[in-house]
Chemist: 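First the structure, which I've put down as structure tokens, then a few questions once you've had a look.
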Number of protein chains: 2
Amino acid sequence: MPVAVSPTEKFREFLVTRNQRLTPERRITVEEVFADHEHFDVETLAERLAAKSDGRRVSRSSVYRHVAAMEEAGLIRKIARQDDRDLYEHAYGYPHHDHLICRETGELIEFRSPELDAILERVAAEHGFRVEGHRLEVYGLSREARKPRRRRHSKLDRV
Amino acid sequence: MPVAVSPTEKFREFLVTRNQRLTPERRITVEEVFADHEHFDVETLAERLAAKSDGRRVSRSSVYRHVAAMEEAGLIRKIARQDDRDLYEHAYGYPHHDHLICRETGELIEFRSPELDAILERVAAEHGFRVEGHRLEVYGLSREARKPRRRRHSKLDRV
DNA sequence: CTACCTGCAAAAAGTTTGCAGGACA
DNA sequence: TGTCCTGCAAACTTTTTGCAGGTAG
């Protein structure tokens, strides 16, 4: 099922409901965020937007404001905290999923598990709780990290 | 299997491995934390410890230092972020579990699900990932929050 | 004209750190 | 004596906010 409306358009629709406009700054911000499917944190995004050489820069404070709006619009979602920063990912046009997070390499491996969702629903129901969403971070070691010393930046590499 | 060693003693053992001592301040901090099974954030804990009328107060910075140490010792664990503060809970003498978090009341309902753990193991294995732990926060509405008592402030009213 | 917007600088809030004086082995 | 420790204040980081000027309809 294809995404019928672009994130930018979706954002505009959301803004309308609040009597707000899709300004150039807002457009630039959404487009930068949806230019790829990478996770991001606001600071980094702001740096990227501030570095634009053409007249397309957006101030840090505005980036924070726009990211907050995009989250309220349901375009993006907070997935974790990394190095004291909130990490975001696309929520629009991207199915919900969870993450395996490697403590060694920082890798984020995405996975989907309907079974998991089902269990949560059931457990929640047992507690009279209505699920609206969840955030799951599984910590451990990725295959990559466990590879027996292969070009990995380990101080223990024999010199 | 019963907890053979008290948290305080456990903390002492950990400190020894780093050539550190269980000072009065450290002892007071661990004891305060394990005085009940409630979740806590450092700021609140620090306030409690600063308010002690007897000569048992501990400065905020030390509380931060001690809490960090206790986490490294495996006595406590970070479970979520609430109101911009890290929230901790006991990890020692308390079986691992996850939480249903009410977005309305802030309630934290604990639950355990071996099935969930099993699924995570399986999914992880499929990705060559070795699980060491996880953090799961399920958001939604608790029964309490859904009780149809007098007008709860909701933007969705009469839309 | 009347919102809505933006960038800047300053402010918040949580957390960390440098430092001088103490304490303990 | 030589570490380890603590409290205090200052520093830091990320994020938010006040404000003055700008812009669109």
Side-chain angles (χ1 to χ4, degrees), chain A residues 8 11-33 39-52 54-73 76 78-88, chain B residues 8 11-33 39-52 54-73 76 78-88:
Chain A
T8 306
F11 194 29
R12 187 211 304 283
E13 290 171 12
F14 169 78
L15 290 167
V16 168
T17 71
R18 301 166 139 216
N19 291 329
Q20 297 184 313
R21 297 188 286 266
L22 181 65
T23 62
E25 287 82 359
R26 287 188 175 131
R27 173 194 297 281
I28 293 168
T29 306
V30 201
E31 289 180 352
E32 181 67 35
V33 166
H39 306 103
F40 68 95
D41 64 81
V42 189
E43 203 62 20
T44 305
L45 173 65
E47 275 170 34
R48 241 159 48 212
L49 287 171
K52 295 242 172 202
D54 42 359
R56 333 198 72 218
R57 59 176 242 94
V58 183
S59 74
R60 195 206 309 289
S61 33
S62 290
V63 176
Y64 271 100
R65 284 187 274 238
H66 299 158
V67 165
M70 292 172 61
E71 190 184 8
E72 290 180 59
I76 56 178
K78 215 173 279 181
I79 52 170
R81 265 232 141 197
Q82 207 162 70
D83 301 321
D84 286 321
R85 294 178 180 181
D86 284 324
L87 214 61
Y88 293 85
Chain B
T8 306
F11 194 28
R12 187 211 303 283
E13 290 171 10
F14 170 77
L15 289 167
V16 169
T17 71
R18 302 166 138 213
N19 290 330
Q20 298 184 314
R21 299 189 286 265
L22 180 65
T23 62
E25 287 81 0
R26 286 187 176 133
R27 173 194 296 281
I28 293 168
T29 305
V30 202
E31 290 180 350
E32 183 66 35
V33 166
H39 306 101
F40 67 94
D41 64 79
V42 189
E43 202 63 20
T44 306
L45 174 65
E47 274 169 35
R48 245 162 41 215
L49 287 171
K52 295 243 173 202
D54 42 0
R56 332 198 73 216
R57 60 176 242 94
V58 183
S59 74
R60 194 205 311 292
S61 33
S62 289
V63 176
Y64 271 100
R65 284 188 274 237
H66 300 337
V67 164
M70 290 171 63
E71 191 184 7
E72 290 178 61
I76 57 179
K78 214 174 282 182
I79 52 169
R81 263 231 141 197
Q82 206 162 69
D83 301 321
D84 287 320
R85 295 179 181 180
D86 284 324
L87 215 60
Y88 294 84

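Proteins come first, then strands; the chains are lettered A, B, ... in the order of their sequence lines, and each starts at number 1. Model, not experiment: these values are computed from the prediction.
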Chemist: Looking at every non-hydrogen atom in both residues, tell me the closest pair between B/F11 and B/H66 and how far apart they are.
Modeler: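 The pair with the smallest heavy-atom distance is CZ-O, 4.2 Å.
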
Chemist: What is the distance from CG of B/N19 to P of D/dC5, rounded to the nearest Å?
Modeler: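 Going from B/N19 (CG) to D/dC5 (P), I get 9 Å.
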
Chemist: Kindly indicate whether the side chain of A/S61 and the base of C/dC8 share any N or O donor-acceptor pair separated by less than 3.5 Å?
Modeler: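 A donor-acceptor contact between them is present.
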
Chemist: Does a sphere of radius 6.0 Å around CZ in B/R60 hold more than 12 heavy atoms from other residues, nucleotides or ligands, not counting ones at 6.0 Å or beyond?
Modeler: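 Incorrect, the count does not exceed 12.
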
Chemist: Which residue lies toward the 5' end of DNA chain C, A/R60 or A/R18, if each is placed at its nearest nucleotide?
Modeler: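 The answer here is A/R18.
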
Chemist: Specify the closest pair of heavy atoms between B/I76 and B/V67, including all atoms of both residues, with the distance to one decimal.
Modeler: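 Taking every non-hydrogen atom into account, CD1-O, 3.6 Å.
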
Chemist: Specify the separation, in whole Å, of atom CD of B/E47 and atom P of C/dT15.
Modeler: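 Computing the B/E47:CD to C/dT15:P distance gives 12 Å.
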
Chemist: Taking the nucleotide of DNA chain D with the nearest heavy atom to each, does A/D86 or B/L15 sit closer to the 5' end?
Modeler: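 It is B/L15 whose nearest nucleotide is closer to the 5' end.
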
Chemist: Does D/dC5 have OP1 or OP2 under 4.0 Å away from a side-chain N or O of B/S62?
Modeler: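 No, because none of the side-chain N or O atoms of B/S62 sits under 4.0 Å from OP1 or OP2 of D/dC5.
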
Chemist: Using whole Å, what does the distance between atom C1' of nucleotide D/dT13 and atom CG of A/D83 come to?
Modeler: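 It works out to 12 Å between those atoms.
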
Chemist: For a quick check of understanding: with a heavy-atom distance under 4.0 Å over all strands, which category does B/R65 fall into, base, sugar-phosphate or nothing?
Modeler: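 Here B/R65 touches the bases of the nucleic acid.
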
Chemist: How long is the line joining OH of A/Y64 and P of D/dG18, in whole Å?
Modeler: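 Going from A/Y64 (OH) to D/dG18 (P), I get 18 Å.
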
Chemist: So, is B/T23 close to the C/dC24 phosphate, meaning a side-chain N or O under 4.0 Å from OP1 or OP2?
Modeler: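 No.
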
Chemist: Would you say D/dT15 has OP1 or OP2 under 4.0 Å from some side-chain N or O of A/R81?
Modeler: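 Checking D/dT15 against A/R81, a side-chain N or O does come within under 4.0 Å of OP1 or OP2.
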
Chemist: Below 4.0 angstrom from OP1 or OP2 of C/dC4, is there any side-chain N or O of A/R21?
Modeler: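 It does not, given that no N or O in the side chain of A/R21 lies less than 4.0 Å from OP1 or OP2 of C/dC4.
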
Chemist: Hey, is the side chain of B/H66 poking within less than 4.0 Å of OP1 or OP2 on D/dC5, counting only N and O atoms?
Modeler: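 No, outside the criterion.
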
Chemist: Whole-Å distance between D/dT14 P and A/E43 CD?
Modeler: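 For the pair A/E43 CD and D/dT14 P, the rounded distance is 6 Å.
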
Chemist: Looking at B/R26, does any N or O in its side chain come under 4.0 Å of the phosphate oxygens OP1/OP2 on D/dC5?
Modeler: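 So the side chain of B/R26 is within the cut-off, an N or O lying under 4.0 Å from OP1 or OP2 of D/dC5.
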
Chemist: Take the protein atom CD of B/Q82 and the nucleotide atom P of C/dA13, then report the distance between them rounded to whole Å.
Modeler: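 Taking atom P of C/dA13 as the reference, CD of B/Q82 is at 17 Å.
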
Chemist: Tell me if the CZ atom of B/R81 is crowded by more than 12 foreign heavy atoms within 6.0 Å.
Modeler: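 Atom CZ in B/R81 is crowded, with more than 12 foreign heavy atoms closer than 6.0 Å.
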
Chemist: Check the distance between D/dT23's C1' and A/Q20's CD and give it to me in whole angstrom.
Modeler: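 To the nearest whole Å, that distance equals 15 Å.
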
Chemist: Base, sugar-phosphate or nothing for A/D41? Non-hydrogen atoms, less than 4.0 Å.
Modeler: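 Nothing, no heavy atom under 4.0 Å.
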
Chemist: Please name the pair of heavy atoms, one in B/D86 and one in B/D41, separated by the smallest distance, quoted to 0.1 Å.
Modeler: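 Shortest heavy-atom contact: O-CB, 3.3 Å.
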
Chemist: Just how far, in rounded Å, is P of D/dT15 from CZ of A/F40?
Modeler: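 A/F40 atom CZ is separated from D/dT15 atom P by 11 Å.
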
